[in-house]
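Report on the structure given below.
Order of the sequence lines fixes the chain letters, A, B, ..., with proteins taken first and strands second; residue numbering starts at 1 for each chain.
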There are 2 protein chains.
Amino acid sequence: MSQSLSRALQILIELGEGERSLDEVAASLQVHKTTAMRLLHTLEADRFVRRDDRQRYHLGSRLFALGTIALAQHAIRDVAQPHLTRLAAETGGQAVHLAAYENGAAIYLAKVESTHAVRMYSRVGLPAALHATAVGKVLVAGLPRGEQDAVIAGIDFRPFTSRTIADAAAYREVLARTREQGWAEDAAEHEDFINCVGAPVRDEAGRVIAAVSVSVPDVILPREGVRALVPQLLAATGAISADWAGRSS
Amino acid sequence: MSQSLSRALQILIELGEGERSLDEVAASLQVHKTTAMRLLHTLEADRFVRRDDRQRYHLGSRLFALGTIALAQHAIRDVAQPHLTRLAAETGGQAVHLAAYENGAAIYLAKVESTHAVRMYSRVGLPAALHATAVGKVLVAGLPRGEQDAVIAGIDFRPFTSRTIADAAAYREVLARTREQGWAEDAAEHEDFINCVGAPVRDEAGRVIAAVSVSVPDVILPREGVRALVPQLLAATGAISADWAGRSS
DNA sequence: ATCACCGTTGCACATTATGCAACACAGGAA
DNA sequence: TTCCTGTGTTGCATAATGTGCAACGGTGAT
């Protein structure tokens with residue numbers, strides 16, 4: 001692992017929280033300001049960061065240039081989008097998400113915003129906890145056995161709510177049930193008062209390549225009401241899977 | 001400047017052109033594969049790159065997570081968007097762009113696609129050459145004197161077409177004219193058969209903070225026809241500037 | 001089973017990243 | 001205008017990390 005590079009990446013992540021001065025970056029990294037400055041200048045040369053008139057550092061345009069490409073490289077998004085939109089409409093304007101597994105997390109690739117006033121917070125690009133979300137459970141349940149073991153071993157079972165799964169044994173049971181029934185739920189495990197159901201999108205060989213979820217706050221539908229949305233969810237994921245298979249051949 | 005970091009950033013830029021294997025990355029960087037691997041693993045740990053089942057490397061989700069933020073940090077986009085859309089409609093469905101200066105280039109922040117079949121290629125996040133585009137000229141013309149001299153000194157006057165400005169002296173004349181008339185043009189200097197006009201968006205202190213352009217292929221409108229769009233362009237940039245001032249106070 | 005290819009690990013040392021001291025510059029106050 | 005403060009920048013020496021080598025491990029095809 002490269003220490004300099006890690007530091008530079010931390011700078012980028014931190015600038016995602018807001019602009020910074022050289023001194024602030026150096027303090028945050030716990031390095032001398034000269035060290036921070038050289039990293040920042042290197043990042044600036046390739047437009048990963050930019051400086052304003054007052055020498056404040058911001059994220060640069062290269063991030064959105066490459067970000068657009070990175071997102072477009074997830075081709076499943078284009079295939080899924082119309083189905084996600086329809087699913088959102090069919091379920092009464094609930095929030096619908098598409099997510100994929102990446103390096104220890106479920107990453108949101110697409111979303112259809114809820115039309116309701118009360119909603120959950122999410123953003124394309126943000127990771128969701130594998131042990132506390134419906135999409136996370138679906139994605140881990142769909143991993144090959146060896147990879148799944150490695151992933152579970154790396155999970156920090158930190159609690160989001162009093163209902164969050166607390167250990168690997170309980171998680172494995174949930175994964176087994178997810179595989180058996182073909183869908184998963186998050187019953188106020190990630191966020192109090194919000195229930196989700198999720199199901200897998202598969203490629204033509206049956207491998208899980210993404211997950212779709214519907215999220216509903218308690219005030220709109222109780223848990224049983226959210227579970228009642230599973231047939232529509234499964235129809236949508238089935239349709240996406242079929243379209244993906246049709247597209248690949 | 002940090003050599004390791006530069007190498008890592010080159011990896012990201014290259015992955016923007018498509019997936020790569022470890023060997024391909026090492027060959028491209030001209031380093032031993034162990035060196036490339038360590039950089040890739042560091043990038044992977046923070047989700048700047050991801051690996052697929054076949055050990056191919058791709059851009060990671062952190063890029064679109066941070067990219068979204070980076071673009072949103074350009075607050076002028078939100079203010080300008082409705083005006084860009086209207087300008088595009090008023091000019092008969094031409095391509096309209098919003099750009100800002102960043103580290104030696106004009107960076108496209110927003111665009112309204114042309115509704116015509118024949119159009120120019122551009123993408124949000126991509127840099128445009130300062131010497132060959134209307135937005136480039138507007139942005140450089142609006143820089144403070146000292147900064148402008150430094151920027152011009154750094155320009156590589158490479159030709160895009162036979163009409164591209166070829167040296168700093170000619171460029172300075174064009175900048176002077178741009179300042180005087182309040183707009184600039186690209187008369188098939190960036191791309192054969194495409195003419196553009198551009199004008200500045202200013203903040204309440206009169207500083208140029210962005211540029212707007214209208215681009216039209218010859219087959220749709222000849223150069224004089226594009227110039228005839230300048231009044232509408234100026235009305236739009238004036239309105240954006242006013243809205244920006246109103247928002248800042 | 002063997003082979004070829006490609007990713008990974010451990011080690012030593014070559015090279016670069018780092019911090020220090022000094023300097024330069026800009027902005028604000030007197 | 002001058003002075004002071006704060007912050008970014010430069011040059012140098014050396015400490016530390018990045019690098020390449022050799023060997024190994026794993027996978028897929030024959």
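- Interface remark: the A:Lys33 side chain does form a donor-acceptor pair with the D:dG8 base, using a distance-only criterion of under 3.5 Å.
- Contact check on A:Glu44 versus A:Arg50 returns no salt bridge, with no Lys/Arg side-chain nitrogen under 4.0 Å from an Asp/Glu carboxylate oxygen.
- Taking for each of A:Met37 and A:Ser2 the nucleotide of DNA chain D with the nearest heavy atom, the 5'-most of the two is the partner of A:Met37.
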Enumerate the protein-to-nucleotides 27-30 of chain D contacts in which both atoms are nitrogen or oxygen and the separation is below 3.5 Å.
none

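- Between B:Ile209 atom CD1 and B:His74 atom NE2 the span is 11.5 Å, to the nearest 0.5 Å.
- Taking 4.0 angstrom as the limit, B:Gln3 places a side-chain polar atom (N or O) nearer than this to OP1 or OP2 of C:dT16.
- Between A:Arg54 and A:Glu19 there is a salt bridge, with a side-chain nitrogen of the basic residue lying less than 4.0 Å from a carboxylate oxygen of the acidic one.
- For A:Arg51 and D:dG8, a side-chain-to-base donor-acceptor distance below 3.5 Å is absent, hydrogens and geometry of angles not being considered.
- Taking all atoms of both residues into account, the shortest heavy-atom contact from A:Arg47 to B:Asn103 is NH2-O, 3.9 Å.
- A donor and an acceptor atom, one from each side chain of A:Arg38 and A:His32, are nowhere located under 3.5 Å apart.
- Side-chain atoms of B:Ser21 and base atoms of C:dC6 include no donor and acceptor less than 3.5 Å apart.
- The base of D:dG18 lies outside donor-acceptor range of the side chain of B:Arg7, with no N or O pair under 3.5 Å.
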